S.K.: 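Sharing a structure, written as structure tokens. Questions coming.
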2 protein chains.
Amino acid sequence: MTEISLRQLRYFDALATHNHFSRAAAVCAVTQPALSMQIKELEDALGTSLIERGTRQIRLTRFGEHAVRRAREILRFVDELGEAARASRDEFVGRLRIGMIPTIAPYLLPKLMKEAGNRYPQLEVRIREALTSKLMLEVMDGRLDAAIVALPVSSPALTEAALFSEEFVLVRPGEDEGTPVPSSEKLRELRLLLLEEGHCFRDQALSFCGVHSLPPREILDASSLSTLVQMVSAGMGVTLIPEMAISVETRSASVSVARFKDPRPSRTIGMIWRKTTPLASHLVQFSDLVRRAGKPFSKRGR
Amino acid sequence: MTEISLRQLRYFDALATHNHFSRAAAVCAVTQPALSMQIKELEDALGTSLIERGTRQIRLTRFGEHAVRRAREILRFVDELGEAARASRDEFVGRLRIGMIPTIAPYLLPKLMKEAGNRYPQLEVRIREALTSKLMLEVMDGRLDAAIVALPVSSPALTEAALFSEEFVLVRPGEDEGTPVPSSEKLRELRLLLLEEGHCFRDQALSFCGVHSLPPREILDASSLSTLVQMVSAGMGVTLIPEMAISVETRSASVSVARFKDPRPSRTIGMIWRKTTPLASHLVQFSDLVRRAGKPFSKRGR
DNA sequence: TTCTGTCATAAAATTATATTATAATCCTGA
DNA sequence: TCAGGATTATAATATAATTTTATGACAGAA
């Protein structure tokens, strides 16, 4: 004995509406014996008869009446599944979980959320802030759809899409305003304040100074750019911050901002996602949005 | 492109629970390629991907998560349809619509309903009272499941099951008690009170008297046995009533009841149903119940 | 690199479904 | 009561869908 199939339910539905095998078969675009057999199979599968067959006319049995209601319900659910699929592939709707590193999130977020709200009103964007390593893990095992980080991350499982590059600027105490900008080598002699371990921005700053690790220092590393700037303002040293952080972080601090001459330090911001994600095309679209949001900070306004 | 099938949903369900093609295939008792292909077909049919395929592990896509919930819902509905079918065929439950003619209903009903309540507590018995011709029509077009009438009805579309036979008795005014019982021929000379046209009992009574139609009479025909007996009690004539009506109808009337010598008039009570009804076996069962209910009235206690 | 686990693909075999042709049934009307 | 028409069932055959077997492709681990 075979299983119940949707085909059987569809034929049964047609039969119940037309009360006539041949006409129902025509509606289903099959021949009458095909429909007859499927109905019989359905009856076999259910172990009970659905149709009272008279020569002149047929009618549903008691249970048939009940069954056809159920069958139609089932068919409707199946159709809705198809509709849901269509809706989900055509439109970028639902939830998008984006990770961002702490040296990007506070600065990019306002503009990004505004643009996302305009462009994809149906989309719920959730932001999670964490260090690159954690974000990578979360993207890889599906807890995030994508992350916005500094490139490269170089993981074979991830696609990287570069969005824009931004320069780092030197933040010095307010009174240093106008004094010559030190070269990257000179920076090493200054008291360079840095983020704590794990932030890629720390490594990028160090790399600019030509060092890749640092001997233990007397002062504690900061956990945010905000703190760093406040430390500079308090005269504890100098620091680097990315372009996008300038306006937010230096607004209420007595610090001066200076740009480097070549070689100018910079980082490339990009988005990463699983190579296998089916959201890929959506994410490419979305990355464009992020690119637009980051444009004001972008090197050479690009 | 093919249609969505339940098989695909079942495989998808298994795949979503095991997150592993081969194991899911094993659970479904098919080989892995079979399952892979059905999943692919499902994705094609939906026009969207459900599974993110990684070499090491797979996971559901966003839409896949939604789809599997829907799929399981659908599968549950289908299973329930099967269960409902099983329930409906094993047990005699639900609604049973029985028609009865007016010369049976009031007398058989109390006992029948009591017995039915004992034997099939799950069964809702609905009674409709009408003349034989109407009942036959209603049985034939499915508004009734069966009817209890006097046989024969001789319709090729209907099955007749004889249940019991009962005699007719003569009802005379109380003062006739003890006087000789007239023969059927003599009855013709008496003022025989009858039910109105359409009642089979009228025809049966006439037939007993050897006449098949009656010239217009001065008196009106009665619409119930009850009225007939009251008319007899009022001295308007005599009448015949069936055995089962005696105790109810003569209780509160000053009439005398007399039985005929051979040939004794009688009628056969039976049940009729559509030859094509799937309730046939249930109705045979039920007819047994009716037989039991009618036993006390039965000719020779049979 | 090679091995291993995993899913995809291709060809062949099997099974399910459809079609065509015809039978059976039963109602209709002479 | 008998022929004719309408309707569904059945049988044989044809077609299509599904499964299996065998193999490929790919990525991650040793």
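These numbers were taken from a predicted model, which means no experiment stands behind them. The chains referred to below are lettered A, B, ... by the order of the sequence lines, with proteins before strands, and numbering in each begins at 1.
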S.K.: How would you list all residue pairs meeting side-chain hydrogen bond (donor to acceptor under 3.5 Å, both in side chains) that involve residues 16-31 of chain B, not counting sequence neighbours?
M.R.: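 Those involving residues 16-31 of chain B do not exist here.
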
S.K.: Run the salt-bridge test on A/Arg202 and A/Glu197 with the 4.0 Å N-O cut-off and return the result as yes or no.
M.R.: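 Salt bridge between A/Arg202 and A/Glu197, a charged N being under 4.0 Å from a carboxylate O: yes.
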
S.K.: Nearest whole angstrom, please: distance from the C1' of C/dC26 to the CG of B/Leu158.
M.R.: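 From B/Leu158 CG to C/dC26 C1': 14 Å.
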
S.K.: Using whole Å, report how far CG of B/Leu42 lies from P of D/dT18.
M.R.: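 Spelled out: CG on B/Leu42 to P on D/dT18 is 12 Å.
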
S.K.: Show me, pair by pair, the donor-acceptor contacts under 3.5 angstrom made by side chains of residues 95-104 of chain A, not counting sequence neighbours?
M.R.:
unit_1	atom_1	unit_2	atom_2	d
A/Arg97	NE	A/Asp145	OD2	3.4
A/Arg97	NH1	A/Gly142	O	3.4
A/Arg97	NH1	A/Arg143	O	3.4
A/Arg97	NH2	A/Gly142	O	3.0
A/Arg97	NH2	A/Asp145	OD1	3.0
A/Thr103	OG1	A/Arg267	NH1	2.8

S.K.: State whether B/Glu73 and B/Arg70 are salt-bridged, where the test is any N-O pair (Lys NZ or Arg NE/NH1/NH2 against Asp/Glu carboxylate O) under 4.0 Å.
M.R.: yes

S.K.: Would you tell me if any nitrogen or oxygen in the side chain of B/Lys40 comes within less than 4.0 Å of OP1 or OP2 on C/dT9?
M.R.: yes

S.K.: Between A/Glu80 and A/Arg76, does the salt bridge (Lys or Arg N to Asp or Glu O under 4.0 Å) criterion hold? Intermediate values first, please.
M.R.: CA-CA 6 Å; A/Glu80 281 174 6; A/Arg76 187 166 48 76; 3.4 Å; yes

S.K.: Do nucleotides 14-22 of chain C as a string where each nucleotide becomes B, S or -: B if the base has a protein heavy atom under 4.0 Å, S if just the sugar-phosphate does, - if no protein is that close.
M.R.: ---SBBBB-

S.K.: Distance check needed: D/dA17 C1' versus B/Glu3 CD, whole Å only.
M.R.: 14 Å

S.K.: CZ of B/Arg23 versus P of C/dG5: gap in Å, rounded?
M.R.: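 Atom-to-atom, B/Arg23 to C/dG5, this comes out as 12 Å.
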
S.K.: Send over the distance from B/Leu6 CG to D/dA17 P, rounded to a whole Å.
M.R.: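 For the pair B/Leu6 CG and D/dA17 P, the rounded distance is 17 Å.
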
S.K.: Give the rounded distance in Å between these two atoms: CZ of A/Arg59 and P of D/dT7.
M.R.: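 Taking atom P of D/dT7 as the reference, CZ of A/Arg59 is at 16 Å.
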
S.K.: Strictly below 4.0 Å: does B/His20 bring a side-chain N or O up to OP1 or OP2 of C/dC7?
M.R.: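 Yes.
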
S.K.: Over how many whole Å does the gap from B/Phe21 atom CZ to D/dA27 atom P extend?
M.R.: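 My rounded result for the distance is 16 Å.
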
